[in-house]
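Shown next, in structure tokens, is the structure this report addresses.
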There are 2 protein chains.
Amino acid sequence: MFAAERKRIIKKYLLENSKAEVVKISDILDVSEVTVRRDFEKLEHEGFLIRTHGGAILHDPHEKTYYAEQDMEADENNQEIVETAAALVKDEDIIMLTGGHINQLLARKLSERQGLTILTNDLVAALNASAGGMNRVICLGGEIEQDNFSVSGSITLRNMQKYHVNRVFVEVDGISENLDLSVSSQQKSELIESAVQSSDHVTLLCNYELIGKRAFLSLGPITMMNSVITNPQLADEYKIAIYNKNVILYTSINAFEGNV
Amino acid sequence: MFAAERKRIIKKYLLENSKAEVVKISDILDVSEVTVRRDFEKLEHEGFLIRTHGGAILHDPHEKTYYAEQDMEADENNQEIVETAAALVKDEDIIMLTGGHINQLLARKLSERQGLTILTNDLVAALNASAGGMNRVICLGGEIEQDNFSVSGSITLRNMQKYHVNRVFVEVDGISENLDLSVSSQQKSELIESAVQSSDHVTLLCNYELIGKRAFLSLGPITMMNSVITNPQLADEYKIAIYNKNVILYTSINAFEGNV
DNA sequence: TTCTTTTTCTTTCAGCAGCAAACATTTCCC
DNA sequence: GGGAAATGTTTGCTGCTGAAAGAAAAAGAA
């Protein structure tokens, strides 16, 4: 029997029973248990099933996991960026945080400080920032985007226009190889544009792994940023490219700076 | 049965019941209690639940961060009020929730519904309401009050004035013995006044233990409400007094109604 | 309150089943 | 036939589970 045939049978079995025991499948297919395990391994890799002691169960993509298998490494990289960003914030600064995971972490970090004014459209960031009780936190109003806990839309933009800030920390959803920024929705794009206009200095927060990925909506070239904070792992070619575009680059620990 | 299967069943059970007892799960899964505890331990590690003495409760990633431990009895009373309030909300309603703990619980309850438009100045309520992804949730903007996760101030009021809603659920900080309402801050008072003006129907959510307490700032008589939802334990004298003031009274299970 | 009882939890141990790794064998294809 | 890929076998090890005993927490009694 061919491997592909076994796979097909296993899939069929799983779809019917939603679970499969190694012993049972080994019996049905008349192959050794090792082979079944190896098949399971491949199918797990394909995302079809989840292996478990004794067998496997059907993979349910909609299953609620919360932050079960959070990527610890990405998290550490983000934390690195947060530390650098926080160091750039001066006491009594008025800053804006656009929505995103790194900004949520930054907000939490800044909640330890005092005397800051923090403006944001991300509800989680707003709550994080207000935790310490020593800063002034302003949350923009508007309709909540379903997947990312931030508000957006015309109300948000109108709210935003009333403010002027010293510095805005921006997160995007993709950065192409020639350093063009992109985001996943029209609303996000509009908000970032508005925030950029309302700020003296614009800083991009970006995990180095984001580079090379493209999101749905093009936002503009990286030169719309005054500075970028990313991880040291960023490939040298990008470091040089950013430097040549006169954007300040902070790679977490050691800064590799161009002109302002 | 595989460990992964048990995990999945426990997850499902928790999502449906919000809490799970060791004994009960041990019974359902037909495994020893030790095994259930070990499963709980793993799921706790994954951030899915929080273990308690005797069982576990669902870990709500947002709620948990912003709440201290709650008084269980008060919580049950509040839940009673929430059930009644939720029953009053019709599909496609446009409702406003002012800040407060009961409204945060109500928001979570309503997140199971769909087609609602929910307006609120409480960030936790906003996040709770948007959890299901099937409702339109609008969060008012403004400055965050340090102690209660809601926004207020002139921006909030200006935001609020743009909207008109079918029903507003109001929470206050105190109700005197002659049924005058009071709150703890000027901002809160202004927001409630504004919300009352923007709504067809005003409902007060109030734990029966609140009566007799007075907060800093007087808001007005209970007649500014169209209806009140509280617990059955409310003393009869108050029930009669509310009835005589022509305010509809819902005492959770059985409604004791006056005229509109 | 303080003490006692009961329930629940943690830890340890033992038995078993399942597993990975290395190596052996078979099959397939050139 | 020779090499590569797939499959099978053996071995020692790990992980899962439940029982039991002691620790801790909650509930009840004085």
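All values below were derived from every heavy atom in this structure, side-chain atoms included, with hydrogens, water molecules and symmetry-related copies excluded. Chain A is the first sequence line, chain B the second, and so forth, proteins listed ahead of strands; every chain is numbered from 1.
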Worksheet item: Would you call A:L116 and A:R136 a side-chain contact if the rule is heavy atoms closer than 4.5 Å?
Response: no

Worksheet item: Do you know which two heavy atoms are closest between B:V172 and B:L210, and how far apart they sit?
Response: O-CD2, 3.5 Å

Item to complete: Could you check how far CG of A:L29 sits from C1' of D:dT7, rounded to whole Å?
Response: 13 Å

Worksheet, complete the sentence: Once base and sugar-phosphate atoms are separated, protein heavy atoms under 4.0 Å mark nucleotides 11-20 of chain D, 5' to 3', with B, S and - as -----SBB--

Worksheet item: In Å, rounded to the nearest 0.5 Å, how long is the span from CD1 of A:I81 to OG1 of A:T251?
Response: 10.5 Å

Worksheet item: Atom CD of B:E21 and atom C1' of D:dA25: how far apart are they, to the nearest Å?
Response: 16 Å

Discussion item. In this structure, how many angstroms lie between the P atom of C:dT8 and the CZ atom of B:F40, rounded?
Written reply: 13 Å

Worksheet item: Between the side chains of A:D122 and A:T120, does any donor sit under 3.5 Å from an acceptor?
Response: no

Discussion item. Students often get this wrong, so: under 4.0 angstrom with heavy atoms, is B:T52 touching a base, only sugar-phosphate, or nothing?
Written reply: sugar-phosphate

Worksheet item: Below 4.0 angstrom from OP1 or OP2 of C:dA20, is there any side-chain N or O of A:R51?
Response: yes

Worksheet item: Under a 4.5 Å cut-off applied to non-hydrogen side-chain atoms, are B:D180 and B:P221 in contact?
Response: yes

Practice prompt. State whether the side chain of A:N231 and the backbone N or O of A:Y208 hold a donor-acceptor pair below 3.5 Å, judged by distance alone.
Written response: yes

Can you name the atoms? Protein N/O to nucleotides 24-27 of chain C N/O, anything below 3.5 Å, with the distance.
none

Worksheet item: Side chains of B:Y238 and B:E177: closer than 4.5 Å at any heavy-atom pair?
Response: yes

Item to complete: For the residue pair B:M225 and B:L181, establish whether any side-chain heavy-atom pair is separated by less than 4.5 Å.
Response: yes

Item to complete: Return the value, rounded to whole Å, for the distance between atom CZ of B:R37 and atom P of C:dT11.
Response: 12 Å

